[in-house]
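By convention in this document, chain letters (A, B, ...) are assigned in the order of the sequence lines, proteins followed by strands, and residues within each chain are numbered from 1.
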Protein chains: 2
Amino acid sequence: MSTTKVRGTPVTAAGAAATAATAEADLFHALDRIDRAILRQLQTDASISNVALAAKVKLSAPACLRRVERLKESGLIRGVVALIDPKAAGAGMLVIIGVVLDRSMPESFAEFEKAAQKVAGCMECHVVTGEFDYFMTIRTRDSDSFNRLHAEQLLYLPGVRQIRSFMVLKEILSTTKFPL
Amino acid sequence: MSTTKVRGTPVTAAGAAATAATAEADLFHALDRIDRAILRQLQTDASISNVALAAKVKLSAPACLRRVERLKESGLIRGVVALIDPKAAGAGMLVIIGVVLDRSMPESFAEFEKAAQKVAGCMECHVVTGEFDYFMTIRTRDSDSFNRLHAEQLLYLPGVRQIRSFMVLKEILSTTKFPL
DNA sequence: CTTGAAATACTACTACG
DNA sequence: CGTAGTAGTATTTCAAG
């Protein structure tokens with residue numbers, strides 16, 4: 001059977017699936033001071049070598065490496081990625097979009113979600129409470145290319161009744177790092 | 001003088017500052033097929049070793065490493081970070097917030113922006129067009145902790161006239177990767 | 001169950017063609 | 001850009017707390 005563990009608490013795959021919510025909370029509370037220091041560092045800069053990381057958290061290299069691998073296997077670290085500068089990569093425009101679906105066809109929600117993920121440059125898509133059904137954020141080259149995307153794709157996503165676009169004029173903060 | 005280059009095009013610091021917008025566009029257009037393959041891979045998984053990356057893009061290891069370093073120095077790669085699973089890390093709740101400022105005090109915008117970045121769990125903060133002045137996204141533990149944050153901090157951010165909260169019920173898509 | 005020391009295998013990095 | 005060599009790192013093994 002496939003098993004994974006964090007800080008000495010073994011968790012079977014079946015057990016994790018049965019009590020997903022509490023298992024995730026326990027995952028977090030099982031972290032000690034050193035694990036959090038590791039996560040804080042890797043959230044800021046994961047290109048650091050393992051020996052340097054080990055020195056920072058005052059641990060030997062093998063012990064440090066084992067913890068990092070455990071954090072990856074447990075799913076707490078979803079992955080290690082390079083962050084690209086959007087402007088430099090030719091996607092300097094960001095638009096936040098509020099979407100209202102046609103409520104008379106409830107089956108269209110699944111269709112919409114499937115289609116929305118395939119929109120080029122779609123970075124986020126969330127179901128929300130309030131006057132909108134979904135919020136999406138889309139990165140695109142400029143207002144021309146967004147206008148094309150809007151006219152050719154967004155308006156024709158399945159089940160869409162209304163779309164409101166909020167163009168981002170200035171990005172104050174955009175981070176992947178949250179407090180531990 | 002400090003200089004950096006991408007694909008053979010030298011760019012002085014002064015020149016880059018003077019023509020920032022076009023320089024960034026050129027940065028992107030100077031990328032060849034191999035650079036884009038490297039970026040696509042590193043956006044998906046940057047924990048790959050350099051030799052494995054080199055094999056994927058059909059290049060020798062040193063040549064591949066030189067390109068990666070050039071992409072970092074040019075600023076196109078802003079950094080390499082570990083992505084943490086928010087639910088597993090005890091921040092399973094996501095709220096999108098639309099903020100309207102008091103327009104009678106235009107100097108409060110700078111104050112608001114400075115304060116907003118310090119809000120615990122604030123992941124994004126953007127100036128937008130439309131009925132709101134700012135959109136923020138905030139990660140927090142649960143509705144209780146968000147309610148506390150809302151009552152104790154958000155309402156008292158400098159210059160705030162109105163705040164509308166959109167609670168995220170389901171995260172359909174959340175990525176840091178965009179098409180190249 | 002976790003840690004740290006030593007040994008091995010692999011990788012990053014440099015110099016050169 | 002590639003080849004070859006060196007330095008440093010990751011990774012395994014093992015003994016000890």
Original post:
Between A:Leu65 (CG) and C:dG4 (P), how many Å, whole number?
Top reply: 13 Å
Subject >> Nucleotide D:dT12, atom P - distance to CG of A:Asn50 in whole Å >> reply: 12 Å
**OP:** Using a strict 4.0 Å threshold on nitrogen-to-oxygen distance, state whether A:Arg139 and A:Glu171 make a salt bridge.
**Re:** yes
Original post:
B:Leu59 has a side chain; which of D:dC1, C:dT3, C:dA12 sits nearest to it?
Top reply: D:dC1
Original post:
Whole Å only: how far is the CZ atom of A:Arg33 from the P atom of C:dT3?
Top reply: 15 Å
**OP:** Of all the heavy-atom pairs spanning A:Val160 and A:Leu154, show the shortest one and how long it is.
**Re:** CG2-O, 4.1 Å
**OP:** Give a yes or no on whether a salt bridge exists between A:Arg70 and A:Asp35, defined as a side-chain N under 4.0 angstrom from a carboxylate O.
**Re:** no
Original post:
Out of D:dT11, D:dC1, C:dC13, which nucleotide sits closest to the side chain of B:Ala63?
Top reply: D:dC1
Original post:
Between C:dA5, D:dT3, D:dA10, which nucleotide gets closest to the side-chain atoms of A:Pro62?
Top reply: C:dA5
**OP:** Any chance you could measure B:Ile48, atom CD1, to B:Thr44, atom OG1, to the nearest 0.5 Å?
**Re:** 10.0 Å
Original post:
Rounded to whole angstrom units, what separation is found between the CG atom of A:Leu53 and the C1' atom of D:dT9?
Top reply: 13 Å
Original post:
Would you say A:Arg70 reaches C:dT2's phosphate, i.e. side-chain N/O to OP1/OP2 under 4.0 Å?
Top reply: yes
Original post:
Considering only D:dT9, D:dT11, C:dT2, which nucleotide approaches the side chain of A:Arg67 most closely?
Top reply: C:dT2
Original post:
Just how far, in rounded Å, is C1' of D:dT11 from CD of A:Glu69?
Top reply: 8 Å
**OP:** Take A:Ile48 and A:Arg66, find for each the nucleotide of DNA chain D with the closest heavy atom, and name the residue whose nucleotide sits nearer the 5' end.
**Re:** A:Ile48
